[in-house]
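What follows is a single structure, written as structure tokens, with notes after it.
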Amino acid sequence: MSARVRYAPSPTGSPHVGNLRTAVYDWLLARKTGGAFVARLEDTDRDPTRYKPEFIGDIEQSLDWLGVTPDEWWVTGGDYGPYVQSERLPLYQEAGKRLMDMGMAYRCFCTEERLAAMREAQQAAGSPTGYDRHCRQLSREEADEKAARGAPFTVRLAVPREGATTYSDAVYGDITFGNRNVDDQVLLKSNGWPTYHLGVVVDDHHMGITHVIRGEDWMPSTPKQVLIYDALQWPQPAWVHIPLTLGKDRKKLGKRHGSTQFVDFIRQGYLPDAMFNFLVLLGWSPGDDRQIMSRDEIVEAFSLAGISRNPAVFDYDKLRWMNGEYIRAADPERIAALCLPYLREAGLMSGSPTDEETAYVAAVIPLVADRLKVLSEVADASRYFFEDPAEADPKGRRKWLSGSDGAARLERIIDAFAAAPDPLTPEAAEQIIDALPAEGESRAPFIHTTRIAATGATAGPGLFELLSALGKARVMSRLRRAREWVAEA
RNA sequence: GGCGCCAUCGUCCAGAGGUCAGGACGGCGGGUUUUCAGCCCGUAGACCGGAGUUCGAUUCUCCGUGGCGCUACCA
């Protein structure tokens with residue numbers, strides 16, 4: 001059976017990693033079943049403190065970047081459009097009217113003040129909060145009359161006072177809520193716009209959605225929607241609630257958890273496939289021990305049955321590890337291209353590089369790429385290729401550049417490299433170093449001394465490749481300058 | 001407070017009525033390399049508690065406890 005699934009973001013902020021994980025599951029189910037992945041913008045909350053249309057771009061970019069571009073959405077359209085709720089208003093009005101006609105909804109004329117006072121009293125009394133159904137008493141005639149006089153109203157769902165509502169969840173099994181605990185939810189706001197509860201049902205129905213995949217935080221509101229589906233005699237979709245993504249403090253992931261906005265991860269230099277792989281495994285497993293999986297393998301193995309019920313802590317360390325794995329497995333040229341913006345941003349490379357600069361960068365990046373966990377680290381990892389180091393690592397300097405030993409070693413290195421061929425190949429560099437130690441002596445001290453003199457660092461790529469990439473001229477000037485480090489040691 | 005969900009190493013995930021409870025990240029130790037990263041090897045580390053069912057429960061049931069979520073004219 002081919003599924004139609006949807007991702008329904010609200011432009012109230014930049015989407016975070018937890019949001020995108022649901023998009024990943026949506027996309028997977030669509031691909032797995034040969035169905036369609038649709039995205040719909042739920043923009044019915046126009047409160048200026050929350051409505052932030054500028055984030056729509058982030059939503060689009062995140063989906064595209066992750067490689068889960070919807071088959072139908074507001075960007076490219078589709079057969080079930082429009083894919084923006086603010087352009088579908090009549091549909092909700094119509095549904096609201098039908099619900100009222102059959103007695104499943106009613107107008108509520110309560111003021112915000114009354115509602116606030118009611119809530120306050122309930123909280124003070126320690127009793128359950130929720131609408132007290134004050135306006136449900138009104139006859140249709142009374143309500144019509146009030147409305148005709150221009151009294152503002154909302155439309156609320158008339159939840160049965162007795163009984164229970166049960167729905168079947170693909171992940172959590174049968175879930176039952178006593179109707180007495182279900183609030184008479186507002187369906188249409190006083191401005192005539194729908195709330196989420198009405199909008200989502202109406203659109204999912206009209207868009208032929210077969211599976212509602214969303215965070216577990218939506219479970220308590222599901223009975224309201226089930227009631228609407230049943231009242232309208234629309235077939236329910238399959239309910240698929242997935243466990244929440246948590247921060248280190250085990251609380252629902254949100255703004256307070258540092259970098260959780262998806263676009264932040266894009267900026268930091270994660271690879272789309274690594275992110276996809278990581279997100280999938282956060283709450284789903286193929287049933288065996290595989291960790292690194294290609295998209296095809298994941299689609300092949302994916303099933304709703306593999307979704308966990310446990311909330312998952314977002315583990316940055318594991319993400320970083322996985323990203324490193326993907327970097328090392330990737331085509332070096334692709335990695336190099338992806339690294340360029342970071343070098344530019346760090347001012348290590350000009351916007352319009354010369355051929356010489358381009359070649360240099362192409363030689364340098366492969367040397368450091370394997371050591372990266374995220375691409376943005378490339379700037380720090382390769383800085384000394386572009387700028388003469390201002391100082392040397394203190395420990396390394398003490399160990400390899402101090403005293404008469406260090407000074408003598410450095411001089412011998414300088415003399416040896418002065419005679420080096422230009423261009424300096426890795427092989428030539430190695431021969432030069434190998435010729436330095438006396439019989440029975442290790443070449444290690446010469447290697448370490450050369451490294452810190454040439455780079456100021458004690459760690460980095462293989463020395464011979466490094467020297468070759470640096471080029472003879474840079475190597476010589478740095479080795480000579482390192483005499484200062486000896487003097488100060 | 002009410003309602004709902006969840007409960008296996010620090011974290012993510014596997015697991016079966018009887019297993020030495022497994023893998024990955026991270027930690028620790030060692031090996032390899034000129035350093036770092038990587039790679040290899042090893043190691044520590046978990047079934048929330050109490051009843052019940054059963055010959056046998058970490059696994060099934062109930063209760064407790066704990067955690068999380070929801071409780072808006074936000075989604």
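Every chain is numbered from 1 and lettered A, B, ... according to where its sequence line falls, protein lines coming before strand lines.
Rounded to whole Å, the distance from CZ on A:Phe314 to C1' on B:G26 is 15 Å. Note: CZ (A:Arg309) to P (B:U8) measures 12 Å, nearest angstrom. Put simply, CZ on A:Arg290 is 17 Å from P on B:C13, counting in whole angstrom units. The interatomic distance linking A:Met322 (CE) with B:C25 (C1') rounds to 9 Å, in whole Å. In this structure, A:Gln291 places its CD atom 11 Å from P of B:G23, rounding to the nearest Å. The nearest whole Å value for the distance from the CG atom in A:Asp174 to the C1' atom in B:G4 is 14 Å. Taking atom CE of A:Met293 as the reference point, atom P of B:A24 lies 16 Å away to the nearest angstrom. What separates CZ of A:Arg21 from P of B:C12 is a distance of 11 Å, to the nearest Å.
Contacts classified as salt bridge (charged side-chain N to carboxylate O under 4.0 Å, His left out) and involving residues 5-18 of chain A (residues at least two apart or in different chains) are given here: A:Arg6-A:Asp204. Annotation: salt bridge (charged side-chain N to carboxylate O under 4.0 Å, His left out) contacts involving residues 278-289 of chain A, sequence neighbours excluded, comprise A:Asp288-A:Arg290. Listed by first and then second residue, the side chain to side chain donor-acceptor pair (under 3.5 Å) pairs involving residues 297-307 of chain A are A:Ser294-A:Glu297 (not counting sequence neighbours). Screening residues 432-443 of chain A for side chain to side chain donor-acceptor pair (under 3.5 Å), with sequence neighbours left out, gives A:Glu430-A:Arg443, A:Asp434-A:Arg443.
Every residue two or more places apart in sequence or in another chain that forms a ring-ring contact (aromatic ring centres under 6.0 Å, His included) with A:His448 is listed here: A:Trp400. Scored by the salt bridge (charged side-chain N to carboxylate O under 4.0 Å, His left out) test, A:Asp174 finds no partners at all (sequence neighbours excluded). With sequence neighbours excluded, the residues forming a salt bridge (charged side-chain N to carboxylate O under 4.0 Å, His left out) with A:Asp249 are A:Arg256, listed by chain and number. By the ring-ring contact (aromatic ring centres under 6.0 Å, His included) test, A:Phe314 is found to be paired with A:Phe265, A:Phe278, A:Tyr316, residues two or more places apart in sequence or in another chain being considered.
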Task: Nucleic acid footprint by protein, nucleotides 29-41 of chain B - heavy-atom cut-off 4.0 Å, B for base, S for sugar-phosphate alone - done: -----BBBSSS--
TODO: Assign a letter to each nucleotide of nucleotides 57-75 of chain B from its 5' end: B, base within under 4.0 Å of a protein heavy atom; S, sugar-phosphate only; -, no contact.
DONE: -----------SBSSBBSB
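Between A:Asn310 and B:U8, a side-chain N or O to OP1/OP2 separation shorter than 4.0 Å is present.
Along RNA chain B, the nucleotide nearest A:Leu282 and the nucleotide nearest A:Phe177 are compared for position; the residue whose nucleotide lies closer to the 5' end is A:Phe177. Comparing A:Gly306 and A:Val171 against RNA chain B, the residue whose closest nucleotide sits nearer the 5' end is A:Val171.
No contact: A:Leu187 has no heavy atom under 4.0 Å from any strand. In this structure, A:Gly283 reaches the sugar-phosphate backbone alone: every heavy-atom distance under 4.0 Å involves primed, P, OP1 or OP2 atoms, never a base.
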Less than 3.5 Å apart, which donor and acceptor atoms pair up between the side chains of residues 11-19 of chain A and the rest of the protein, not counting sequence neighbours?
from, atom 1, to, atom 2, distance (Å)
A:Ser14, OG, A:Asp58, OD2, 2.7
A:His16, ND1, A:Gly18, N, 2.9
A:Asn19, OD1, A:His16, N, 3.0

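Here the separation of B:G52 from B:C25, taken at their C1' atoms, is 39 Å to the nearest Å. Between B:U11 and B:G45, the distance separating the two P atoms is 16 Å to the nearest Å. Nucleotides B:A57 and B:G50, compared at atom P, are 13 Å apart to the nearest Å. For the P atoms, the distance linking B:U35 with B:G42 amounts to 23 Å, nearest Å. Comparing the C1' positions of B:C63 and B:G26 gives a spacing of 37 Å, expressed to the nearest Å. B:U59 and B:A14 have their C1' atoms separated by 14 Å, given to the nearest Å. Between the P atoms of B:G38 and B:A44, the separation comes to 23 Å (whole Å). Separating the P atom of B:C39 from that of B:U61 is a span of 42 Å, rounded to the nearest Å.
Of the residues listed (A:Val202, A:Leu198, A:Val201), the one engaging A:Leu187 in a side-chain contact (heavy atoms from CB on, under 4.5 Å) is A:Leu198, and it is the only one.
Comparing atom distances between the A:Pro128 side chain and each of B:G2, B:C6, B:G4 picks out B:G2 as nearest.
With no hydrogens or angles considered, no side-chain donor-acceptor pair links A:His241 and A:Glu216 at under 3.5 Å.
Ring geometry for A:Tyr7 against A:Phe37 counts as tilted: the plane angle lies between 30° and 60°, on a 0 to 90° scale.
Proximity of a side-chain donor or acceptor of A:Arg88 to a complementary backbone N or O of A:Pro82 within less than 3.5 Å is detected.
Taking a pair as Watson-Crick or G-U wobble with both distances under 3.5 Å, the runs of three or more consecutive pairs in RNA chain B are B:1-7 with B:65-71, B:10-13 with B:22-25, B:27-32 with B:38-43, B:48-52 with B:60-64.
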